[in-house]
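Please read the structure below before turning to the comments.
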Amino acid sequence: MKHRARAAGLVFCLVSALLASQGIARAADALPRPTPTVATSESVPTGWTFSVSAYAWAAGLDGRVRTLPPLPAVDISMSIGDVLQNLDGALMGLIEARNGPWMVMADLVYSKVSPGKNFAVSGFNGAANLDSQAFIGLAAVGYRLFEHQRVSVDGFVGARLWALDNTLTVTVPGVGSVDYGKSKSWVDGVIGGRVMLHLTDKLFASVIGSVGGLAAEVEWDIYAGLNYAFTERWSAFAGYRALHVDYKSGNFLYDATQHGPVLGVAARF
């Protein structure tokens with residue numbers, strides 16, 4: 001009888017322990033489980049965001065050009081002051097759209113300068129005026145290659161359109177005037193990248209560079225500057241940009257570098 005009582009007691013203890021463990025397991029399953037916090041590519045924000053920038057680029061011009069053949073090629077060196085003194089108008093802007101790691105951007109630069117010079121020939125006073133218009137437009141698609149804490153790296157490929165239009169007008173009072181113009185446009189393929197370093201929550205540094213060519217023998221573009229965010233939407237930026245192209249077609253030559261400080265504002269939507 002004692003052995004049976006001990007066996008029954010042992011069975012009761014085992015059954016009680018099993019029921020208790022099942023109850024604890026059910027209670028544990030009923031408790032909320034913590035969500036993993038490891039970042040994955042699926043956690044990257046999606047949906048389109050847009051930014052629009054307007055900027056002023058006070059660029060000087062150095063190089064060798066022959067944009068009005070059959071006139072000879074000339075070496076030019078126009079300071080920022082020379083360009084601003086003869087500037088008739090300019091329009092410059094950058095548009096960028098981003099969705100997750102993908103981005104699409106367009107950079108547009110339009111300028112018009114009209115330098116002039118008075119002269120005297122055989123007792124006649126005259127004037128020579130050059131009307132020069134330039135449009136430079138970049139369209140590109142890019143991808144976020146790397147992002148970690150305060151550093152991000154984007155790569156992009158695209159095409160840059162160059163369109164130059166020059167008209168020389170020579171006027172001699174009492175004699176008349178003569179106009180001579182020449183237009184040229186071409187497209188180059190480009191590849192480039194952008195590195196951004198967040199120095200603080202509101203201040204970051206950026207470097208953007210590209211290199212290319214197709215119609216031109218070579219072209220390159222580089223910008224380095226700082227951006228300060230006043231609000232989540234509005235920011236301002238300042239830096240320095242240099243843009244070079246070496247293009248030859250027949251007796252048309254444009255081997256020049258535009259370079260100077262950049263100052264602008266940007267809005268994000």
In a check of side chain to side chain contact (heavy atoms under 4.5 Å, CB included) between L68 and each of V74, N251, L168, which one passes?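 Of the listed residues V74, N251, L168, the side chain to side chain contact (heavy atoms under 4.5 Å, CB included) partner of L68 is L168.
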Excluding sequence neighbours, so at least two apart, what forms salt bridge (Lys or Arg N to Asp or Glu O under 4.0 Å) with [X]?
| X | answer |
| --- | --- |
| R64 | D75 |
| E219 | R160 |
| R241 | D107, D221 |
| R233 | none |

So [Y] and [X], do their side chains get closer than 4.5 Å, heavy atoms only?
| X | Y | value |
| --- | --- | --- |
| I76 | L61 | yes |
| F156 | I191 | no |
| F50 | R98 | no |
| V141 | V157 | yes |

Does [X] belong to the same Ile/Leu/Val/Met/Phe/Trp/Tyr cluster as [Y], with side-chain heavy atoms less than 4.5 Å apart forming each link?
| X | Y | value |
| --- | --- | --- |
| L108 | M92 | no |
| V211 | L145 | yes |
| V207 | F146 | no |
| M78 | L87 | yes |
| L138 | V187 | no |

What distance separates [X] [atom1] from [Y] [atom2], expressed to the nearest 0.5 Å?
| X | Y | atom1 | atom2 | answer |
| --- | --- | --- | --- | --- |
| F237 | S206 | CZ | OG | 9.0 Å |
| W220 | L243 | CH2 | CG | 8.0 Å |
| Y55 | L94 | OH | CG | 7.0 Å |
| N227 | L203 | CG | CG | 8.0 Å |
| S210 | R194 | OG | CZ | 12.5 Å |
| L199 | R150 | CG | CZ | 8.5 Å |

For the residue pair W186 and F252, does the interplanar ring angle fall in the parallel (under 30°), tilted (30 to 60°) or perpendicular (over 60°) class?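 Perpendicular: the ring planes of W186 and F252 meet at over 60°.
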To which residues is W234 joined in a hydrophobic cluster, defined by side-chain heavy-atom contacts under 4.5 Å among Ile, Leu, Val, Met, Phe, Trp and Tyr, whether direct or through other members?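 In the cluster with W234 there is nothing else; it is isolated.
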Whichever hydrophobic residues join M196 through chains of side-chain contacts under 4.5 Å: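 Its cluster partners, ordered by chain and number, are F204.
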With [X], which residues qualify under side-chain hydrogen bond (donor to acceptor under 3.5 Å, both in side chains), at least two apart?
| X | answer |
| --- | --- |
| S111 | none |
| S114 | D88, D131 |
| Y228 | none |
| N86 | none |

Heavy-atom closest pair, residues [X] and [Y]:
| X | Y | value |
| --- | --- | --- |
| G60 | I80 | N-CG1, 3.8 Å |
| A236 | F230 | CB-CE1, 3.6 Å |
| S152 | R144 | CB-NH1, 3.6 Å |
| G189 | L214 | N-CB, 3.9 Å |
| V190 | A159 | CG2-N, 4.1 Å |

Would you list the pairs meeting salt bridge (Lys or Arg N to Asp or Glu O under 4.0 Å) in which at least one residue belongs to residues 206-217, sequence neighbours left out?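 Sorted result for residues 206-217: E217-K248.
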Could you tell me whether the side chains of T67 and K182 share a donor-acceptor contact shorter than 3.5 Å?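 No, because no side-chain N or O of T67 sits under 3.5 Å from a partner of the opposite role on K182.
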Does one side chain, of N129 or T169, offer a donor that lies under 3.5 Å from an acceptor on the other?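 No - no donor-acceptor pair under 3.5 Å links their side chains.
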Please lay out, stage by stage, how K112 and S132 fare under the test side chain to side chain donor-acceptor pair (under 3.5 Å). CA-CA 6 Å; K112 180 181 179 182; S132 180; over 6 Å; no
Is the backbone of G212 close enough, under 3.5 Å, to the side chain of D188 for a donor and an acceptor to pair up by distance?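 Looks like no, no N/O pair under 3.5 Å.
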Side-chain donor-acceptor contacts of residues 253-268 below 3.5 Å, not counting sequence neighbours, with atom names and distances?
from: T257; atom 1: OG1; to: H244; atom 2: ND1; distance (Å): 2.7
from: H259; atom 1: ND1; to: Y240; atom 2: OH; distance (Å): 3.2
from: H259; atom 1: NE2; to: D62; atom 2: OD2; distance (Å): 2.7

